[in-house]
Amino acid sequence: MTAADHIREGAGDPPAAVRRNLTHARTVLARAARHTQDLLARLPGPAERSVEQREAVTAATDAARTLRAVFMDTHADAVYDELTENRSGCLSLAELADAAASAFPGLVPTADQLKAERSLVQAEKEGLEIDQGIFFSRLLHSPTAGRHLVESLLRPTPRALALLPDFRATGSADLGSVRIERTDGVARLTMCRDDCLNAEDNRQIDDMETAVDLALLDPEVEVGLLRGGVMTHPRYRGRRVFSAGINLKSLHAGEISLVDFLLRRELGYIHKIVRGVRSRDGDDWRTPMTEKPWIAVVDTFAIGGGAQLLLVFDHVLAASDAYVSLPAAKEGIIPGAAALRLVRAVGTRLSGQVILEGRRIRATEPDARLLVDEVHETEDLDHAVERSLERFRAPAVVANRRMLRLAEESVDDFRHYMAEFALQQALRLYSADVLDKVGRFSAVR
């Protein structure tokens, strides 16, 4: 009997088996996962499998994922309470995934399994991150667990807390892909990945969240400013560039992770720009959040993730030769929370043109006024930025921006969106069209 025959015969427990008490459900889940893993180990890698073997693997993984989904639909709050000690602890996304892998074998991949996956290019992976997508999707759907998770991720990172004393003393920090400097009450964040036009990868997500935390936690900072640095890329040498979006080279190499990039980016530093950082706990009559106004400056272009960022800033300035685009559909992925925020900013029709059709909007077009507040010639942009910074230092700006944000996007609106995003983005990473693009990209390289 072949491995494919074993997979077909190993139907395992029905979904109803994981709807019982948590102890029994945990056992059923672990048994099903072991069965699937053992059978997959008998087969060649994804690229070498026959059509019959691929169909059998799909059947086996679908059955296992159905169990995981039903398990989480039934026990999400109990699982989260166990992992966080009844919500008394706050774990990062990566910590939560690691804890779940240990406490509930078979629910999500282990650290060793993910490490092995990361050594492979995207097209040769089994798609273990889809199981993480199921896990986080179900957690975020829960009003109890999901709300606690979203709010806990607004806490400052340990790295930022460790760097804060030195930043407060010196007013500057070089984080690698992002530099931050405090001058006259302004935290000036400069994206400086000149090697890749500020295209984002796992490293830059960590650096950006650290920089945002530092700006929000430093009491001497009144306004945050984000701008791209001067590039060394041959085509843009000597010019500032805002962002080229996701690092496609890293994506194709399998180095863009669901948890540490795609989910952390939205639930971490971008959400902190929207709502601030959680700086207080316990019984306190004051708001637990510290927030500040943010200004973005677009030089040359804001592509993909760069365009997504503009939707959460309080004020956006752009050079007259700059443009904005969201080509995620062309690449086969979902552009973060852009669908949630772009529709509110520009309406359904224009959002569809930008997201579904990849329309590029130049700063001088009339429609750009829905995305950009000011457009200036390059030689005038610096002066315009300083004028805007001065306006946003007015005492009542923070309180009023808070009310605007509450009216525009509630925490639950965001949580519901991210619940669906976690699953759909995981599926897109391993969809046939994306893997085909990856294969063609690798062949060209």
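- Under the 3.5 Å distance criterion, with hydrogens and angles disregarded, no donor-acceptor pair is assigned to the side chains of R87 and T84.
- In the model, S172 has no side-chain atom that pairs as donor or acceptor with a side-chain atom of R179 under 3.5 Å.
- Side-chain atoms of R360 do not come within 3.5 Å of backbone N or O of V324 as any donor-acceptor pair.
- Once rounded to the nearest 0.5 Å, the distance linking NZ of K249 with CD1 of I256 reads 12.5 Å.
- Ring orientation note: the planes of W294 and F313 are nearly perpendicular, at an angle over 60° on the 30°/60° scale.
- In summary, E220 and R168 do not engage in a salt bridge, as defined by a charged side-chain N under 4.0 Å from a carboxylate O.
- Under the 4.5 Å side-chain criterion, counting only non-hydrogen atoms from C-beta, F167 is not in contact with L217.
- Side-chain atoms of V411 and V150, non-hydrogen and from C-beta on, do get closer than 4.5 Å to each other.
- The residues K330 and D433 are annotated as not salt-bridged, no charged nitrogen and carboxylate oxygen being separated by less than 4.0 angstrom.
- Nearest heavy atoms, V277 versus L154: CG2-O, 3.2 Å.
- Side chain of K292 to backbone of V221: a donor-acceptor contact under 3.5 angstrom is found.
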query: Which is it for L251 and L429 under the side-chain contact (heavy atoms from CB on, under 4.5 Å) test, yes or no, and what are the steps along the way?
result: CA-CA 9 Å; L251 175 63; L429 285 176; 3.9 Å; yes

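- Looking at heavy atoms from C-beta onward, C90 lies in side-chain contact with H148 at the 4.5 angstrom threshold.
- Panel note: side chain E117, backbone G127; a donor-acceptor pair is recorded below 3.5 Å.
- Around the CG atom of D184, the shell of radius 6.0 Å holds no more than 12 heavy atoms that belong to other residues, nucleotides or ligands.
- Using a 3.5 Å distance cut-off with no hydrogens or angles, the side chains of N86 and S88 do not pair a donor with an acceptor.
- Nearest heavy-atom pair, A211 versus I180, reported as atom, atom and distance to 0.1 Å: O-CD1, 3.5 Å.
- Nearest approach of A318 to A363, heavy atoms of both residues: CB-CB, 4.2 Å.
- A donor-acceptor contact under 3.5 angstrom links the side chains of E129 and Y430, judged on distance only.
- A distance-only check finds no donor-acceptor pair linking the side chain of R68 to the backbone of L29 [under 3.5 Å].
- Between atom CG of residue L114 and atom NZ of residue K125 there is a gap of 9.0 Å, rounded to the nearest 0.5 Å.
- In this structure, the side chains of D321 and R239 come closer than 4.5 Å at one or more pairs of heavy atoms.
- Looking at R415 and D412, a side-chain N of the basic residue comes within less than 4.0 Å of a carboxylate O on the acidic one, giving a salt bridge.
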Working for side-chain contact (heavy atoms from CB on, under 4.5 Å), residues L153 and H271: CA-CA 9 Å; L153 293 173; H271 197 213; over 6 Å; no

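- Q132 pairs in a side chain to side chain contact (heavy atoms under 4.5 Å, CB included) with only one of the listed residues (V259, L263, L107, L93), which is V259.
- No donor-acceptor pair under 3.5 Å is formed between the side chain of S102 and the backbone N or O of D98.
- A side-chain donor-acceptor contact under 3.5 Å links N202 and S257.
- Test R159, R265, R155, K272 against E209 for salt bridge (charged side-chain N to carboxylate O under 4.0 Å, His left out) and you get one pass: K272.
- Contact check on R405 versus E408 returns a salt bridge, with a Lys/Arg side-chain nitrogen under 4.0 Å from an Asp/Glu carboxylate oxygen.
- In summary, the side chains of R341 and Q308 do not present any donor paired with an acceptor at a separation below 3.5 Å, with no hydrogens or angles considered.
- Distance check: L404 CG to E409 CD gives 13.0 Å after rounding to the nearest 0.5 Å.
- Here the side chains of V230 and V241 are not in contact, with every heavy-atom distance at 4.5 Å or above.
- Side-chain contact check for I303 versus L326: every heavy-atom pair is 4.5 Å or farther apart.
- Residue A329 comes nearest to L356 through the heavy atom pair CB-O, 4.3 Å, listed as atom of the first residue, atom of the second, then distance.
- Taking the side chain as every heavy atom from C-beta outward, E291 and R402 approach each other to under 4.5 Å.
- Distance alone, capped at 3.5 Å, places no donor-acceptor pair between the E420 side chain and the Y417 backbone.
- In this structure, R227 is not positioned above the aromatic face of F242 in the sense of NZ or CZ being under 6.0 Å from the six-membered ring centre and within 45° of the axis.
- Between R203 and D201 there is no salt bridge, since no side-chain N of the basic residue sits under 4.0 Å from a carboxylate O of the acidic one.
- Rounded to the nearest 0.5 angstrom, E331 CD and L248 CG are separated by 4.5 Å.
- Proximity of a side-chain donor or acceptor of T300 to a complementary backbone N or O of R240 within less than 3.5 Å is detected.
- If you look at F135 and Y80, their ring centroids are not closer than 6.0 Å.
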query: Given the rule in the salt bridge (Lys or Arg N to Asp or Glu O under 4.0 Å) test, do D73 and R19 qualify, once you have shown the distances and angles that lead to the verdict?
result: CA-CA 9 Å; D73 285 339; R19 289 196 178 100; over 6 Å; no

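- Side-chain contact, T210 with D213: no donor N or O sits under 3.5 Å from an acceptor N or O.
- Panel note: side chain E365, backbone R362; a donor-acceptor pair is recorded below 3.5 Å.
- No side-chain heavy atom of L262 sits under 4.5 Å from any side-chain heavy atom of R428.
- Ring geometry, Y236 versus F301: the interplanar angle exceeds 60°, so the pair is classed perpendicular (tilted spans 30 to 60°).
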Intermediate values then yes/no, side-chain contact (heavy atoms from CB on, under 4.5 Å), R359 and D367: CA-CA 11 Å; R359 176 182 167 184; D367 284 340; 3.0 Å; yes

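- Going from atom CG of L140 over to atom CG of L423 covers 11.0 Å, rounded to the nearest 0.5 Å.
- The backbone N or O of S92 lies less than 3.5 Å from a partner atom in the side chain of E95, making a donor-acceptor pair.
- A donor-acceptor pair shorter than 3.5 Å cannot be found between the side chains of N198 and S243.
- Listed for the S325 side chain is no donor-acceptor partner under 3.5 Å among the backbone atoms of P327.
- No donor-acceptor contact under 3.5 angstrom links the side chains of E200 and Q204, judged on distance only.
- Residues T378 and A319 approach most closely at OG1-CB, 4.0 Å, considering heavy atoms.
- Put simply, CE on M72 and CZ on R138 are 8.5 Å apart, with the number rounded to the nearest 0.5 Å.
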message: Test salt bridge (Lys or Arg N to Asp or Glu O under 4.0 Å) on R391 and E374; report intermediate values, then the result.
response: CA-CA 14 Å; R391 291 197 302 272; E374 299 181 47; 2.9 Å; yes

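- The closest side-chain donor-acceptor pair between R237 and H233, if any, does not fall under 3.5 angstrom.
- Nearest heavy-atom pair, V186 versus L225, reported as atom, atom and distance to 0.1 Å: CG1-CB, 4.1 Å.
- The number of heavy atoms from other shown groups lying within 6.0 Å of CD (E379) is above 12.
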